[in-house]
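Have a look at the structure below before the remarks.
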Amino acid sequence: MRFEFLLEEYSMKVFLENLLPRILPESIKLNEHYFLRSHEGKSDLRKSIPLKIRAYNNLNIPIGIIILQDQDSNDCVLLKKELQSLCCSSKSNVKCLIRIVCRELESWYLGDMNAIQNAYPQFNSRKYRNKAKYRNPDNVNASIEMKKIIPLFQKVEGARRISPFIDFDNNKSTSYRHFVLGLKKFIEDNFQE
């Protein structure tokens with residue numbers, strides 16, 4: 001089976017390029033078994049979902065689609081239903097996994113202060129690790145918080161620097177843990193070489 005990741009933005013692609021080889025089985029290779037497709041925001045992603053599903057359906061090979069979109073200020077349950085309806089509207093046999101990034105990608109970073117410190121050695125994670133607002137990083141305005149604690153933080157460069165260090169076992173972001181567990185199960189249930 002081939003897996004297509006449909007992503008809201010380029011920074012998520014950069015993040016996953018470093019993360020996925022660490023969490024997927026070694027036999028599953030980027031640009032051979034899975035492909036990362038970034039989009040120019042939510043509307044671009046939403047427009048492309050039905051088109052891509054129709055195109056993948058015509059390939060006559062088993063394909064699984066993983067859709068990742070930031071929640072931002074949307075209702076998570078409604079957002080997931082909207083994305084599911086885009087997948088179903090194409091009358092396809094393509095299997096889909098939809099994961100909503102609670103608030104935004106930077107929430108996943110704030111869930112692992114050690115990863116931030118490893119990526120930005122000048123950052124002292126001990127000053128922030130136990131602060132109440134970082135105990136549940138999925139509930140803060142993470143992009144603003146990242147700029148506060150790392151003033152030179154940039155989305156794409158941050159994704160590139162932090163992703164090699166991000167840890168599953170010690171990440172406080174529930175959204176991140178749901179993504180990793182859901183993805184592992186989806187791959188395990190559907191991958192055949």
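The structure presented is a predicted model; accordingly, all values stated were derived computationally and were not measured. Each residue takes its place number in the sequence, starting with 1.
- Scanning both residues, C102 and S175, for their nearest heavy atoms gives N-OG, 2.9 Å.
- Taking hydrophobic clusters as Ile, Leu, Val, Met, Phe, Trp and Tyr residues chained together by side-chain heavy-atom distances below 4.5 Å, V140 shares a cluster with I166.
- By the 30° and 60° cut-offs, the orientation of the rings of Y128 relative to F123 is parallel.
- Ring-plane geometry between W108 and F179 is classed as parallel, the angle between the planes falling under 30 degrees on a 0 to 90 degree scale with a further cut at 60.
- Clustering ILVMFWY residues whenever any of their side-chain heavy atoms sit less than 4.5 angstrom apart, transitively, puts F35 in a cluster other than the one holding I23.
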Let me see the working for I49 and L6 under side chain to side chain contact (heavy atoms under 4.5 Å, CB included), right down to the final yes or no.
CA-CA 8 Å; I49 291 170; L6 304 183; 4.2 Å; yes

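- At distances below 3.5 Å, not a single donor-acceptor pair connects side-chain atoms of H39 with backbone N or O atoms of D44.
- Using a 4.5 Å heavy-atom threshold, the side chains of L20 and I28 count as separate.
- To the nearest 0.5 Å, the span separating CZ on R54 from CG on L59 amounts to 13.5 Å.
- Scored by the salt bridge (Lys or Arg N to Asp or Glu O under 4.0 Å) test, R2 finds E4 as partners (sequence neighbours excluded).
- The cationic group of R161 lies under 6.0 Å from the six-membered ring centre of Y120 and within 45° of the ring axis, placing it in a cation-pi geometry.
- In this structure the side chain of L68 reaches within 4.5 angstrom of the side chain of V101, judged on heavy atoms.
- Counting heavy atoms from C-beta outward, V180 and N171 have side chains that stay 4.5 Å or more apart.
- Taking OG of S11 as the start and CD of E106 as the end, the distance is 6.5 Å to the nearest 0.5 Å.
- Between R46 and Q69 the shortest side-chain heavy-atom distance falls below 4.5 Å.
- Geometrically, K184 engages F168 in a cation-pi contact defined by less than 6.0 Å to the ring centre and at most 45° from the axis.
- Contact annotation: the side chain of I67 never approaches that of L97 to less than 4.5 Å [non-hydrogen atoms, C-beta and beyond].
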Residue pair N130, R135: steps toward the side chain to side chain donor-acceptor pair (under 3.5 Å) verdict
CA-CA 7 Å; N130 294 317; R135 287 190 195 129; 5.8 Å; no

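- Counting non-hydrogen atoms of neighbouring residues, nucleotides and ligands closer than 6.0 angstrom, the CD atom of E82 exceeds 12 such neighbours.
- Placement of L110 and F165 in two distinct hydrophobic clusters is found when ILVMFWY residues are connected by side-chain heavy-atom separations under 4.5 Å, directly or transitively.
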Show your reasoning for whether side chain to side chain contact (heavy atoms under 4.5 Å, CB included) applies to M146 and Y109.
CA-CA 8 Å; M146 283 300 296; Y109 306 158; 4.2 Å; yes

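- Rounded to the nearest 0.5 angstrom, F153 CZ and K148 NZ are separated by 14.5 Å.
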Apply the test side chain to side chain contact (heavy atoms under 4.5 Å, CB included) to residues D70 and K42: give CA-CA distance (whole Å), side-chain angles for both, the deciding distance (0.1 Å), then the verdict.
CA-CA 8 Å; D70 288 353; K42 288 176 183 51; 4.1 Å; yes

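- Side chains of L36 and E17 form a contact here, defined as non-hydrogen atoms less than 4.5 Å apart.
- Defined by atom type and a distance below 3.5 Å, a donor-acceptor pair is missing between the side-chain atoms of S107 and R103.
- Cluster note: V156 groups with Y10, V14 through ILVMFWY side-chain heavy atoms spaced under 4.5 Å, whether in direct contact or through intervening members.
- Put simply, the side chain of P137 reaches to within 4.5 Å of the side chain of S173, judged on heavy atoms.
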Side chain to side chain contact (heavy atoms under 4.5 Å, CB included) evaluation trace for I53 with C87:
CA-CA 7 Å; I53 288 177; C87 295; 3.8 Å; yes

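- Taken from CG in N124 to CE in M113, the straight-line distance is 11.0 Å, to the nearest 0.5 Å.
- The two residues E26 and K29 make their nearest non-hydrogen contact at O-NZ, 2.7 Å.
- Within the 4.5 Å cutoff, the side chain of L83 has no heavy atoms near those of the K80 side chain.
- For the pair E104 (side chain) and D72 (backbone), a donor-acceptor distance under 3.5 Å is absent.
- Of the inter-residue distances, the one linking Q122 atom CD with I150 atom CD1 reads 5.5 Å to the nearest 0.5 angstrom.
- Interatomic distance, CD of Q71 versus CG of D138, reported as 8.5 Å (0.5 Å rounding).
- Checked by atom type and distance alone, the side chain of E9 never pairs as donor or acceptor with a backbone atom of G41 at under 3.5 Å.
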Audit row: R160, E157, salt bridge (Lys or Arg N to Asp or Glu O under 4.0 Å) steps and yes/no:
CA-CA 5 Å; R160 187 172 286 111; E157 182 60 21; 3.4 Å; yes

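- Checked against salt bridge (Lys or Arg N to Asp or Glu O under 4.0 Å), K133 has the following partners two or more places apart in sequence or in another chain: E145.
- Nearest heavy-atom pair across A115 and I162 is CB-CG2, 4.1 Å.
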